[in-house]
S.K.: 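The structure follows.
We name chains A, B, ... by the order of the sequence lines, and we start the count at 1 in each one.
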There are 2 protein chains.
Amino acid sequence: MPELPFTLDQLRILKAIAVEGSFKKAADLLYVTQPAVSLQIQNLEKQLEITIFDRGGRKALLTEAGRLLLEYCERILNQCDEACKAIEDLNSLKGGTLVIGASQTTGTYLMPRMIGLFRQKYPEVSVQLQVHSTRRTGWSVANGQIDLAIIGGQLPGDLENLLQVIPYATDELALVLPSKHSLSNKKELLKEDLYKLNFVTLDSQSTTRKVVDKLLQDSGLEIQRLKIEMELNSLEAIKNAVQSGLGASFLPVVSIERELAAGTIHKAFIADLEVKRELKLITNPSRYTSRASEVFKKNILPQFASLDSPLRKI
Amino acid sequence: MPELPFTLDQLRILKAIAVEGSFKKAADLLYVTQPAVSLQIQNLEKQLEITIFDRGGRKALLTEAGRLLLEYCERILNQCDEACKAIEDLNSLKGGTLVIGASQTTGTYLMPRMIGLFRQKYPEVSVQLQVHSTRRTGWSVANGQIDLAIIGGQLPGDLENLLQVIPYATDELALVLPSKHSLSNKKELLKEDLYKLNFVTLDSQSTTRKVVDKLLQDSGLEIQRLKIEMELNSLEAIKNAVQSGLGASFLPVVSIERELAAGTIHKAFIADLEVKRELKLITNPSRYTSRASEVFKKNILPQFASLDSPLRKI
DNA sequence: TTTTTTAGGTAATCAAATTTTATGGAGACA
DNA sequence: TGTCTCCATAAAATTTGATTACCTAAAAAA
């Protein structure tokens with residue numbers, strides 16, 4: 001670990017003298033007194049064991065060693081300036097990367113709009129969206145690989161304490177039927193009607209599936225009695241299956257806006273039953289929060305948050 | 001004139017932490033205490049308005065801004081190391097350029113040998129030889145374009161005081177005759193014999209010519225009575241002329257060693273007359289002396305200096 | 001020339017920045 | 001739970017660097 005034989009200040013002074021051709025002018029340029037400049041150059045010469053300037057005549061002239069050093073000096077100072085600029089850009093959100101985590105659902109239907117809004121405001125910050133399971137997303141937030149995430153499921157207990165979890169919005173999981181289904185005409189279904197349906201569901205490992213199962217169970221339904229026609233691992237696939245009349249499903253309303261508008265899918269209401277889950281924003285309070293992350297949380301998320309979310313009140 | 005928001009020491013610390021993964025280890029590596037490291041990083045973070053390390057867990061981890069800064073940090077420190085190495089090379093004569101001045105004669109017959117010796121010892125120092133008139137060489141030494149020079153003539157008066165002039169060697173200007181010349185058989189010529197000769201001389205502007213003229217005049221000869229067959233501006237040309245029997249000439253002995261050995265030219269002795277001039281080393285004491293120049297003067301020149309030269313006594 | 005001006009070096013004093021010593025708190029690990 | 005490690009903090013000490021004042025030498029002007 002070699003000691004550094006010079007400081008950036010000394011290099012700055014060296015350059016100033018070389019530019020101005022005089023110790024005094026360099027001193028003026030740098031807003032210090034001339035002795036300060038003299039001493040620093042003397043230190044530099046002593047430490048490097050070279051003579052840098054010929055002080056004989058009218059002008060301070062560089063020696064061979066001085067010219068050599070000056071070359072490096074300029075390169076070094078340029079790199080320093082560049083570094084400053086890069087950091088400034090990062091601070092003013094003219095650079096950097098924001099890494100966002102999301103579940104399948106939010107990642108597919110919600111995030112694209114939010115990210116679009118963010119990029120519109122800060123086009124020079126690149127955004128990376130990582131769609132993973134709730135569990136994996138949680139760990140990524142915990143160890144800093146993801147700046148912030150929105151999840152719909154339940155975090156593992158140990159993470160709950162580690163991370164900051166803010167209720168963000170309520171996501172209704174609507175019962176959807178093929179438009180031509182016989183039950184589609186009824187104003188309101190009864191819970192018992194569910195037993196008559198064939199379901200197309202997400203596979204049993206998915207967070208959304210677990211949430212739905214739990215909610216139905218909590219409301220008194222015996223989920224073993226529900227008939228599952230098939231399990232698919234993509235919401236889009238399920239939507240297609242429902243539209244094709246293959247069965248019913250509980251799907252996030254955000255994912256079926258277009259289909260509802262087009263009438264290709266029917267959303268049913270069930271008496272005494274609302275299947276809803278809380279979407280939550282998770283961040284890691286014990287970690288550095290990037291400016292981009294801050295801005296995203298403060299300015300972008302609230303525009304999509306439900307009215308009762310704490311995010312609205314910031 | 002932007003202030004620099006960081007110091008090289010801070011960058012060095014940053015790098016050490018990044019490498020070691022811990023403030024403490026970095027402190028050990030740099031031979032300082034741990035608080036010193038902490039404070040410097042805090043200063044750095046304050047000045048750049050960024051967070052560089054996540055200090056939460058077991059290891060100190062870089063944030064995005066920290067990684068960005070580290071990149072520049074490494075480049076900057078590398079440049080610094082390179083600069084140091086270049087300066088060291090210069091100091092240890094593993095680089096740099098030595099500029100030597102010389103007159104026609106010394107430049108042609110003496111310098112090549114000296115430079116050869118120097119380059120043998122310091123092959124990485126490049127040497128530049130500039131052959132000019134005494135006057136011009138003197139000025140070049142005065143204004144630093146030439147590090148040191150050997151001259152045979154008289155410096156302009158104003159330069160004599162400005163420069164350091166050290167007697168270096170005595171250069172005999174021998175009277176040479178064609179080997180077949182009738183006078184070549186005489187053991188010793190008389191001054192009067194010179195009037196019988198046809199001379200081939202350097203042109204009258206040349207320093208050597210002036211020196212010869214002056215010496216002959218001082219010894220009582222009437223130089224107007226000497227017959228000048230032709231004036232040439234190159235010693236080699238004169239040598240060829242003499243060898244071809246076109247006339248006699250006064251030539252520096254160093255320039256005819258080969259021809260004397262081969263017997264193609266005859267060196268005559270004149271009673272009561274020695275045509276000699278002092279070769280002098282000139283340097284500029286008011287200017288920076290490069291290491292290469294120092295070494296050349298101390299180690300190379302003495303090997304060629306006459307016994308009574310002050311250079312021998314160093 | 002002689003005087004004036006300007007650039008740069010030196011020395012003593014002083015202020016500021018860094019380091020160290022000493023100490024405390026938080027998380028990791030047994 | 002206790003211990004250990006790592007980092008942060010505070011006060012004191014040291015070092016560094018800057019300023020003021022003064023001096024010298026060389027160039028420019030009178």
Side-chain angles (χ1 to χ4, degrees), chain A residues 3-14 16-47 51-63 66 142-144 158-159 161-163 284-288, chain B residues 3-14 16-47 51-63 66 142-144 158 161-162 284-288:
Chain A
E3 296 272 316
L4 286 174
F6 48 77
T7 69
L8 284 179
D9 277 327
Q10 287 170 339
L11 295 188
R12 224 156 59 99
I13 291 173
L14 165 61
I17 298 175
V19 169
E20 297 288 326
S22 131
F23 281 43
K24 179 152 187 53
K25 283 185 193 153
D28 294 344
L29 187 67
L30 298 170
Y31 302 112
V32 292
T33 56
Q34 170 265 315
V37 170
S38 288
L39 289 222
Q40 283 304 323
I41 294 296
Q42 280 170 27
N43 288 345
L44 191 53
E45 292 184 323
K46 219 174 293 169
Q47 288 171 312
T51 305
I52 297 171
F53 290 102
D54 264 331
R55 283 99 153 158
R58 180 120 220 76
K59 296 207 151 204
L61 287 177
L62 283 166
T63 63
N143 66 27
D158 41 356
L159 286 181
N161 309 315
L162 203 60
L163 303 180
N284 188 338
S286 65
R287 274 193 179 272
Y288 156 72
Chain B
E3 296 271 315
L4 288 174
F6 49 76
T7 69
L8 284 179
D9 277 326
Q10 288 170 338
L11 296 188
R12 223 156 59 99
I13 292 173
L14 165 61
I17 299 174
V19 168
E20 298 288 326
S22 129
F23 282 40
K24 176 152 189 53
K25 283 184 194 153
D28 294 343
L29 188 68
L30 298 170
Y31 302 110
V32 291
T33 55
Q34 169 265 315
V37 170
S38 288
L39 291 190
Q40 283 305 323
I41 294 296
Q42 281 170 28
N43 287 343
L44 191 53
E45 292 184 324
K46 221 174 291 169
Q47 287 170 315
T51 304
I52 297 173
F53 289 102
D54 264 331
R55 284 101 155 154
R58 182 118 219 79
K59 295 206 153 204
L61 286 175
L62 284 166
T63 62
N143 65 28
D158 41 357
N161 308 316
L162 203 58
N284 187 338
S286 66
R287 276 194 178 271
Y288 156 73

S.K.: Heavy atoms, side chains only, cut-off 4.5 Å: are Thr63(A) and Asp54(A) in contact?
M.R.: yes
S.K.: Between atom NZ in Lys24(B) and atom P in dC4(D), what is the gap in whole Å?
M.R.: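 Atom NZ in Lys24(B) sits about 15 Å away from atom P in dC4(D).
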S.K.: Just how far, in rounded Å, is P of dC7(D) from CG of Asp54(B)?
M.R.: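 Checked: the CG to P distance equals 13 Å.
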S.K.: Is there a donor-acceptor contact under 3.5 Å from the side chain of Glu45(B) to the main chain of Ile52(B)?
M.R.: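 Yes.
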S.K.: Counting only side-chain nitrogens and oxygens, does Ser22(B) get under 4.0 Å of the OP1 or OP2 atom of dT5(D)?
M.R.: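 It does not, given that no N or O in the side chain of Ser22(B) lies less than 4.0 Å from OP1 or OP2 of dT5(D).
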S.K.: Figure out the CG/P separation between Leu61(B) and dA28(C), and round it to whole Å.
M.R.: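 Going from CG in Leu61(B) over to P in dA28(C) covers 12 Å.
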S.K.: Compute whether any side-chain donor of one residue and acceptor of the other, for Gln34(A) and Ser38(A), lie under 3.5 angstrom apart.
M.R.: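 Indeed, the side chains of Gln34(A) and Ser38(A) share at least one donor-acceptor pair under 3.5 Å.
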S.K.: Side-chain contact test, heavy atoms from C-beta onward, threshold under 4.5 Å: evaluate it for Val32(B) versus Val37(B) and give yes or no.
M.R.: yes
S.K.: Have a look at the helix from dT1(C)-dA30(D) to dA30(C)-dT1(D) and give the angle its two end axes make, five pairs each, rounded to 10 degrees.
M.R.: 30°
S.K.: dC7(D) P sits how many Å from Leu44(B) CG, rounded?
M.R.: 16 Å
S.K.: Expressed in angstrom and rounded to an integer, what is the separation of Leu29(B) atom CG from dC6(D) atom P?
M.R.: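 Atom-to-atom, Leu29(B) to dC6(D), this comes out as 14 Å.
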S.K.: For the CD atom of Gln40(B) and the CG atom of Leu30(B), what is their distance to the nearest 0.5 Å?
M.R.: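 Gln40(B) atom CD to Leu30(B) atom CG measures 11.0 Å (nearest 0.5 Å).
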S.K.: Taking CG from Asn161(B) and C1' from dA26(D), how many angstroms apart are they, rounded to a whole number?
M.R.: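 So the two atoms are 16 Å apart, to the nearest Å.
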S.K.: Could you check if a side-chain atom of Leu14(A) sits within less than 4.5 angstrom of a side-chain atom of Leu62(A), using non-hydrogen atoms only?
M.R.: yes
S.K.: Is any side-chain heavy atom of Leu61(A) closer than 4.5 Å to a side-chain heavy atom of Phe53(A)?
M.R.: no
S.K.: So which atom in Arg12(A) and which in Leu4(B) form the shortest heavy-atom distance, rounded to 0.1 Å?
M.R.: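 For Arg12(A) and Leu4(B), the tightest heavy-atom pair comes out as CD-CD1, 3.4 Å.
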S.K.: Please name the pair of heavy atoms, one in Gln10(B) and one in Leu44(B), separated by the smallest distance, quoted to 0.1 Å.
M.R.: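 Closest approach of Gln10(B) to Leu44(B): OE1-CD1, 3.5 Å.
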S.K.: Could you tell me the separation between the CZ atom of Phe53(A) and the C1' atom of dG8(C), rounded to a whole number of Å?
M.R.: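 Interatomic distance, CZ of Phe53(A) to C1' of dG8(C): 13 Å.
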S.K.: Mark up nucleotides 9-18 of chain D, 5' to 3', with B wherever a protein heavy atom is under 4.0 angstrom from a base atom, S wherever such an atom reaches only the sugar-phosphate, and - elsewhere.
M.R.: B-------SS
S.K.: Is any side-chain nitrogen or oxygen of Arg55(B) closer than 4.0 Å to OP1 or OP2 of dA8(D)?
M.R.: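 Yes, within the criterion.
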S.K.: Glu20(A) CD to dA7(C) P: how many Å, rounded?
M.R.: 12 Å
